[in-house]
2 protein chains.
Amino acid sequence: MKESINKSLEIKKVKPTAMRQLVLDILSKQEHAIGLPELEAQFAQADRTTLYRTLKTFVTKKVIHSIDDGTGTIKYAICKDTCQCNPNELHVHFYCTKCEKTTCLTDIAIPDVPLPQYYIAENINMVVKGLCDKCSKKN
Amino acid sequence: MKESINKSLEIKKVKPTAMRQLVLDILSKQEHAIGLPELEAQFAQADRTTLYRTLKTFVTKKVIHSIDDGTGTIKYAICKDTCQCNPNELHVHFYCTKCEKTTCLTDIAIPDVPLPQYYIAENINMVVKGLCDKCSKKN
DNA sequence: AAATACTTTGCAACTTAGTTGCACCAATAA
DNA sequence: TTATTGGTGCAACTAAGTTGCAAAGTATTT
Ligand SMILES: [Mn+2]
Ligand SMILES: [Mn+2]
Ligand SMILES: [Zn+2]
Ligand SMILES: [Zn+2]
């Protein structure tokens, strides 16, 4: 709803323009992560650039996080209000090769990996590919 | 050297054409994973399509593995002769945001993640972004 | 050896996602 | 009100990847 969307934007210090409210509203209703092309498709008429820049702003301000699922199109999904996208609070993502949906496994934290000496981690992307629960049952 | 390259191709059952030998030779000399555009640049004159299809064949036949490092260009690196690219034998990759190189951390296995019920893992991509050993020291 | 089938290669054309420059508009501060 | 700042929309572009198709090369059969 409108209220919680404005609250999210306020928390993350993003000016709540009409466009941004709309985009965030759509994103918040998604069951799966979506990409710019899919987002664009949800509008009867909207400019790709504006949506592109809205997503970019959202990512910078940590309203949403981006997911590189290996399909060639970056996906996006909402962050929790408390999320700061630090390496230690990141979760695993899942890409289903059958239904081609990308899911946030919000409950599964990315495990800590030991890096070789002098390597410094700033961010981690972990995507498991395979069959999602719905698709694995349909066999 | 030529010998080991032909051996690799033989092991993975790929017909050793001149083009494939050349590509594999270049790939085997790389310190970091490279993408199609970079591979193309290493040839004075070569057709992108052929290189593209060579890489595709190599990935299918597990001569090389692909790495989605989040830059928008898929990177490729050689697999061990014994590699079957099963989820349990995959390693972590590292992308340095400073030198922009993608490295195989071959010694660091991707940790096993517990998936929610009915999810089936076929493949995993884990990329850590940050500063590599060389770049972190140069500060 | 010649004919046939199959595979690989090269060219051109195309798709798609992402990105940039620039002008215009809206909100806000001076 | 005017100046400044930030957001939006359009058009044009880049870069990576991908496809169809024909030519060239390789292997197999007759
Ligand atoms: Mn997520
Ligand atoms: Mn690797
Ligand atoms: Zn699925
Ligand atoms: Zn580096």
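Here is the naming used below: chain letters follow the sequence lines, and residue numbers restart at 1 for every chain.
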Just checking, is any N or O donor in the side chain of A:His32 or A:Thr103 under 3.5 Å from an acceptor N or O on the other one? yes
Whole Å only: how far is the [atom1] atom of [X] from the [atom2] atom of [N]?
X	N	atom1	atom2	answer
B:Leu39	D:dG17	CG	P	11 Å
A:Phe43	D:dT8	CZ	P	11 Å
A:Leu55	D:dT8	CG	C1'	14 Å
B:Leu36	D:dT18	CG	C1'	11 Å
B:Glu38	D:dA15	CD	C1'	13 Å

Give the residues of residues 60-76 of chain A touching DNA chain D, defined as any heavy atom closer than 4.0 Å, sorted by residue number. none
Strand contacts (DNA chain D) in residues 44-54 of chain B, 4.0 angstrom heavy-atom criterion: B:Arg48, B:Thr49, B:Tyr52, B:Arg53
Can you tell me which residue pairs pass the ring-ring contact (aromatic ring centres under 6.0 Å, His included) test with a partner in residues 34-55 of chain B, sequence neighbours excluded? none
Does a side-chain N or O from A:Thr17 land closer than 4.0 Å to OP1 or OP2 of D:dT8, or not? yes
Which pairs with one or both residues in residues 85-96 of chain B pass side chain to side chain donor-acceptor pair (under 3.5 Å), sequence neighbours excluded? B:His65-B:His91, B:His65-B:His93, B:Asn86-B:Glu89, B:His91-B:His93
Would you say B:Gln30's side chain and B:Ile26's backbone share a donor-acceptor pair under 3.5 angstrom? yes
Only one of B:Asp68, B:Ile67, B:Thr73 forms a side chain to side chain contact (heavy atoms under 4.5 Å, CB included) with B:Thr71, so which one is it? B:Thr73
Determine whether B:Ile110 and B:Val127 fall in the same hydrophobic cluster, where Ile, Leu, Val, Met, Phe, Trp and Tyr are linked whenever their side-chain heavy atoms lie under 4.5 Å apart. no
How would you list, by chain and number, every residue that makes a salt bridge (Lys or Arg N to Asp or Glu O under 4.0 Å) with A:Lys29, sequence neighbours excluded? A:Asp25
B/S/- along nucleotides 23-30 of chain C (protein heavy atoms under 4.0 Å) is --------
Could you check whether any side-chain heavy atom of B:Ile78 comes within less than 4.5 Å of a side-chain heavy atom of B:Val63, counting everything from C-beta outward? no
I'd like to know if B:Lys134 and B:Glu31 make a salt bridge, using a cut-off of under 4.0 Å between side-chain N and carboxylate O. yes
Reported CD1-to-NZ distance for the pair A:Ile11 and A:Lys7, which is rounded to 0.5 angstrom: 5.5 Å
Report the residue (A:Lys56 or A:Pro37) whose heavy-atom-nearest nucleotide on DNA chain C is the more 5′ of the two. A:Pro37
State whether B:Phe94 and B:Lys129 meet the cation-pi test: NZ (Lys) or CZ (Arg) under 6.0 Å from the six-membered ring centroid, and within 45° of the perpendicular axis. no
